[in-house]
Amino acid sequence: KQLLEALCSLHSETPGTPPKGYVHSDIKPANLMRRPNNEICLIDFNIALALGEENVIGCSSGYASPEHYGLDYSSGNTSTHTGGRRKTMLVENSTSGSSAQGTAGKRRVIPDVRSDIYSTGATLYHLLSGKRPSGNAKEVVLLSEKEYSPQVVKIISKAMNPNPDLRYQTAEEM
């Protein structure tokens, strides 16, 4: 809950030109710190992105959302979202000037707050199971509702859905 509260604050857009708000982009167990009073802190903002920023610097395998790898599993992958939501762009072909959409059928996907939701789910998955999730979101083995609380399994599974449209849309919702 404390991690999600930190993300609510981090993801909140504040007025201005441009509006400010950030995607952490590297949520994983190593970037959580427990204080002496047992509060959880999110640390290491080295690769954080301003909301809508297009330059992904890096990611941690197993924790990074598919969007960090340029994969778009969304159900409506031709739309563009703003205001902290997913943003897609046509990738230009540098030699001919034509778009990659026309030549390869690909769109460049920009990580957004739902990318941090995925990473939060992956972090909880690891902390609960003791195993790092697969780097391929479609190959993640779901946690067993027989071994773990069915409610917790549902929360983690929804957060780690490869399709960002089917994840929690905000940290507050999660």
Side-chain angles (χ1 to χ4, degrees), residues 1-13 21-32 40-77 79-89 106-145 148-149 151-174:
K1 184 177 175 186
Q2 291 172 358
L3 172 58
L4 291 169
E5 289 170 351
L7 289 177
C8 284
S9 178
L10 186 66
H11 294 161
S12 295
E13 290 189 44
Y22 298 91
V23 176
H24 186 277
S25 295
D26 199 23
I27 298 169
K28 59 186 178 184
N31 287 340
L32 298 178
I40 300 295
C41 291
L42 180 59
I43 62 172
D44 192 358
F45 290 78
N46 290 340
I47 62 172
L49 300 168
L51 289 175
E53 189 175 11
E54 301 167 13
N55 298 321
V56 177
I57 297 171
C59 58
S60 296
S61 179
Y63 305 103
S65 68
E67 301 87 80
H68 279 91
Y69 300 105
L71 301 173
D72 187 359
Y73 295 126
S74 62
S75 52
N77 62 6
S79 63
T80 299
H81 298 276
T82 57
R85 300 279 186 227
R86 181 175 50 89
K87 181 178 175 185
T88 59
M89 301 172 47
K106 300 270 184 185
R107 288 183 155 308
R108 183 169 166 208
V109 183
I110 307 303
D112 61 29
V113 298
R114 298 172 303 172
S115 302
D116 278 352
I117 297 299
Y118 183 95
S119 299
T120 299
T123 297
L124 294 174
Y125 180 106
H126 188 169
L127 293 173
L128 191 62
S129 70
K131 299 174 189 162
R132 178 190 291 229
S134 171
N136 181 337
K138 291 204 169 200
E139 293 177 359
V140 172
V141 177
L142 298 178
L143 297 173
S144 167
E145 290 187 5
Y148 306 102
S149 161
Q151 294 85 357
V152 173
V153 170
K154 286 177 186 170
I155 290 167
I156 292 171
S157 297
K158 182 172 180 173
M160 291 184 69
N161 193 305
N163 181 342
D165 296 336
L166 299 178
R167 289 181 209 145
Y168 295 100
Q169 299 300 292
T170 64
E172 184 177 17
E173 181 186 350
M174 184 175 178

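The number of heavy atoms from other shown groups lying within 6.0 Å of CD (E5) is above 12.
Taken to the nearest 0.5 Å, the CG atom of N163 stands 8.0 Å off from the CG atom of D72. With rounding to the nearest 0.5 Å, the separation of CE in M160 from CD1 in I117 is 13.0 Å. With rounding to the nearest 0.5 angstrom, the NE2 atom of H24 is 10.5 Å from the CG atom of L49. Summarising the geometry, atom OG belonging to S60 is positioned 6.0 Å from atom CD1 belonging to I47; distances are rounded to the nearest 0.5 Å.
Counting heavy atoms from C-beta on, the side chains of L7 and M174 never come closer than 4.5 Å. Counting only heavy atoms from C-beta outward, the side chains of Y168 and I155 approach each other to under 4.5 Å. Inter-residue side-chain proximity for L51 and V23 is flagged as met; some heavy-atom pair is nearer than 4.5 Å. D26 is not listed as a side-chain neighbour of Y63, based on a closest heavy-atom distance of 4.5 Å or more. Considering only heavy atoms from C-beta on, I27 comes within 4.5 Å of L3 through its side chain.
For E173, the salt bridge (Lys or Arg N to Asp or Glu O under 4.0 Å) criterion is met by K158, not counting sequence neighbours. The salt bridge (Lys or Arg N to Asp or Glu O under 4.0 Å) test applied to K154 returns no partner, not counting sequence neighbours.
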**Report entry** side chain to side chain contact (heavy atoms under 4.5 Å, CB included) assessment of R114 paired with D165
**Finding:** CA-CA 8 Å; R114 298 172 303 172; D165 296 336; 2.9 Å; yes

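In plain terms, the two heavy atoms of R132 and G62 that are nearest each other are CG-CA, 4.3 Å. Across Y69 and G135, no two heavy atoms sit closer than the pair CE1-O, 4.0 Å. The shortest non-hydrogen separation linking L127 to P29 is CD2-CB, 4.0 Å. The two residues P162 and P164 have their closest heavy-atom pair at O-CD, 3.3 Å. Between P133 and H126, the shortest heavy-atom contact is CD-CB, 4.3 Å. Smallest separation of non-hydrogen atoms from P66 and R167: CD-NH2, 3.4 Å.
Partner of L42 under the side-chain contact (heavy atoms from CB on, under 4.5 Å) criterion, chosen from T120, L32, D116: L32. Among the candidates S115, S25, S74, the single residue satisfying the side-chain hydrogen bond (donor to acceptor under 3.5 Å, both in side chains) test with E67 is S115.
In this structure, the side chain of E13 does not engage the main chain of H11 through any donor-acceptor pair within 3.5 Å.
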Extract all donor-acceptor atom pairs below 3.5 Å that involve side chains of residues 136-143 and protein atoms in other chains or at least two apart in sequence.
from	atom 1	to	atom 2	distance (Å)
N136	OD1	K138	N	2.9
N136	ND2	E139	OE2	3.4

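A side-chain N or O of H68 and one of S65 form a donor-acceptor pair less than 3.5 Å apart.
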